[in-house]
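Structure provided below as structure tokens; questions to follow.
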Amino acid sequence: MDNIKIRDLTSLAKKRVIPISVLVEVCYKCNENCIHCFLSNHTKMGMTLNQYEKLFDQFVEAGTFFVIMTGGEPFLRPDFMQIVAAARKRRLSVTIFTNGTLLTKEIIGNLKALYVQEVHISIYSSYEKTHDTITRLKGSFQKSIWAIKELSRNGISTRIKCPLTNVSVQDIAGLKKIASEFSVEIQFTTVITAKNNGDKNVHSLRLNQDQLRQALLDPEVSEHTDKPIRFRENADYLPCDTVLNGGSVDPYGNVYVCNQWQVKGGNVLQSSFGEIWKNSKAFHKMRAERLKDLNECKTCELFQFCTRCPGLALLEDGDSSGCSSVAKLIAKERRKLTLYPKQLHIFSKI
Amino acid sequence: MKDNLFLAKGINISCSTIDGISYIYVENEDELLKLDEVGSFIWCQINGKKTVREIVNYCLSEYTGDEKEIIEHVKSFIGMLLKEKILVSSSHIFKGVMQYG
């Protein structure tokens with residue numbers, strides 16, 4: 001019996017193309033209606049409990065370790081705790097993304113009893129009025145804050161998640177204060193993506209140039225390194241290693257390498273998850289691509305400042321192998337500040 | 001250790017098995033336990049419905065060698081996992097989230 005680091009398991013999964021960490025969207029329905037939400041459809045309720053039980057059996061067979069459950073708002077499902085229990089019965093590690101508004105003492109007690117790994121709660125501002133304006137649900141701030149407090153009090157690892165909009169970006173200090181008050185981690189993102197149907201109206205909420213600069217300069221918002229990644233040294237690497245060890249299942253049962261990269265590999269209501277992960281032609285094509293195949297990146301002076309997502313490049317710019325306009329925007333700002341991004345998941349050699 | 005005890009994986013752990021090797025995460029630990037091939041075989045037998053005796057018998061049917069040594073090795077391994085609370089035992093069959101497979 002040996003001890004190994006979690007990153008060693010992740011590396012092994014990349015080498016063996018094992019979907020070690022899979023995101024499962026159990027529904028698109030949500031009780032909030034956030035102004036920046038990437039979901040275009042909030043009606044779909046997801047597969048049945050029985051179908052999730054079968055899916056989790058397939059995860060076990062495929063070698064999956066981590067399951068992230070999200071929505072929409074997953075706790076809207078009356079059977080959500082049964083879905084969580086089904087995953088834990090198989091000893092899959094479970095992390096839940098939620099707005100926290102539907103959590104009760106009883107639910108939190110059950111999450112604790114099941115040893116759920118982590119719960120991520122979305123908070124958009126430390127000002128109640130601003131947060132509720134963003135969620136378009138009055139009272140949501142108080143409920144979400146209560147959930148963070150109660151989860152933390154019960155010893156459940158909790159994290160605040162905050163996508164920064166031009167409405168909330170001035171409030172970073174306040175958000176950090178909330179995290180500190182409850183002794184929880186906080187994670188910011190600086191990109192508001194288009195909706196998953198390609199609708200770009202939400203781009204009006206993106207940070208302007210000054211706001212982006214402010215966010216990039218804050219080490220608690222954006223991580224950077226002093227070692228630039230150079231194209232030539234990494235030409236044989238994959239543009240994104242989620243194609244090796246990730247995975248995502250939407251409420252319809254469609255399988256993707258990532259919920260941001262909207263190319264279906266198959267559907268679990270027709271084929272097994274493991275079968276799709278290994279044999280999907282679409283996924284094989286993604287795994288065959290290397291940085292040297294990205295013609296625009298090859299000659300781009302912004303390369304070492306860029307954290308390009310192939311999924312976003314496809315969604316917003318029409319080509320997963322082409323330039324991502326939002327990545328370019330941020331890279332330009334990084335170049336002005338001479339900030340090299342930490343490319344934690346982007347490049348990988350098989 | 002009584003042979004008629006039922007064994008289950010602790011609810012405080014998460015695990016997966018890749019290429020016949022099992023990896024176990026225990027709550028609040030920073031690292032994973034990586035079992036060897038024999039340990040992984042034993043681990044995969046534990047489902048809340050089998051007793052110590054049944055698991056020992058599975059191992060005897062799977063591996064050749066001195067029977068007494070095999071029994072001692074299996075029980076020693078199970079005992080270590082029980083001590084670390086990675087496994088739990090009961091005189092009754094486990095139910096609900098404690099039983100799988």
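In what follows, chains are A, B, ... by sequence order, proteins preceding strands, each numbered from 1.
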- Look up atom OH in A:Y115 and atom CG in B:N12, then write down how far apart they are to the nearest 0.5 Å.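 Between A:Y115 OH and B:N12 CG, I get 5.0 Å after rounding to 0.5 Å.
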
- Would you say the side-chain atoms of A:R88 and B:S14 include a donor-acceptor pair closer than 3.5 Å?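 Yes, B:S14 and A:R88 have a side-chain donor paired with an acceptor closer than 3.5 Å.
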
- Part of B:D19 lying under 4.5 Å from any heavy atom of chain A: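 Just the side chain, heavy atoms under 4.5 Å.
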
- Query: Is there a side-chain contact between A:R91 and B:I24 (heavy atoms, below 4.5 Å)?
  - Reply: no

- Note on the structure: If one checks every heavy atom of B:I21 against chain A at 4.5 Å, the contacting part turns out to be neither

- Message: Can you confirm whether A:D57 sits close enough to B:Y100 that some side-chain heavy atom of one is under 4.5 Å from a side-chain heavy atom of the other?
- Response: yes

- Does the side chain of A:L12 come within less than 4.5 Å of B:Y23's, by heavy atoms? yes

- Item | Any B:L32 side-chain heavy atom under 4.5 Å of A:D8 side chain | no

- Message: Between B:M80 and chain A, with a heavy-atom cut-off of 4.5 Å, which part of the residue counts as in contact: side chain, backbone, both or neither?
- Response: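 It is the side chain, since no backbone atom gets that close.
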
- Determine the minimum heavy-atom distance between A:G63 and B:S16, stating which atoms define it.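 Minimum heavy-atom contact is O-OG, 3.4 Å.
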
- Message: In the structure I gave you, are the side-chain heavy atoms of A:D2 and B:L33 within less than 4.5 Å of one another anywhere?
- Response: no

- Message: For the CD1 atom of A:I4 and the CD atom of B:E31, what is their distance to the nearest 0.5 Å?
- Response: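 These two atoms lie 9.0 Å from each other.
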
- Members of residues 253-261 of chain A whose heavy atoms come closer than 4.5 Å to chain B: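 The residues closer than 4.5 Å to chain B amount to none at all.
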
- Message: Would A:Q117 and B:Y25 count as a side-chain contact (heavy atoms from CB on, under 4.5 Å) here? Give the steps.
- Response: CA-CA 10 Å; A:Q117 183 74 23; B:Y25 174 78; 3.4 Å; yes

- Considering all heavy atoms of both residues, which atom of A:A85 and which atom of B:V97 are nearest to each other, and what is their separation? O-CG1, 3.8 Å

- Note on the structure: Between the CE atom in A:M1 and the CD1 atom in B:I86, the distance rounded to the nearest 0.5 Å is 5.5 Å

- Query: Quick one: of B:G10, B:A8, B:G39, who has the most non-hydrogen atom pairs under 4.5 Å with chain A?
  - Reply: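 Most pairs with chain A among the choices: B:G10.
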
- Segment of A:A113 engaging chain B (4.5 angstrom heavy-atom cut-off):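 The backbone, not the side chain.
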
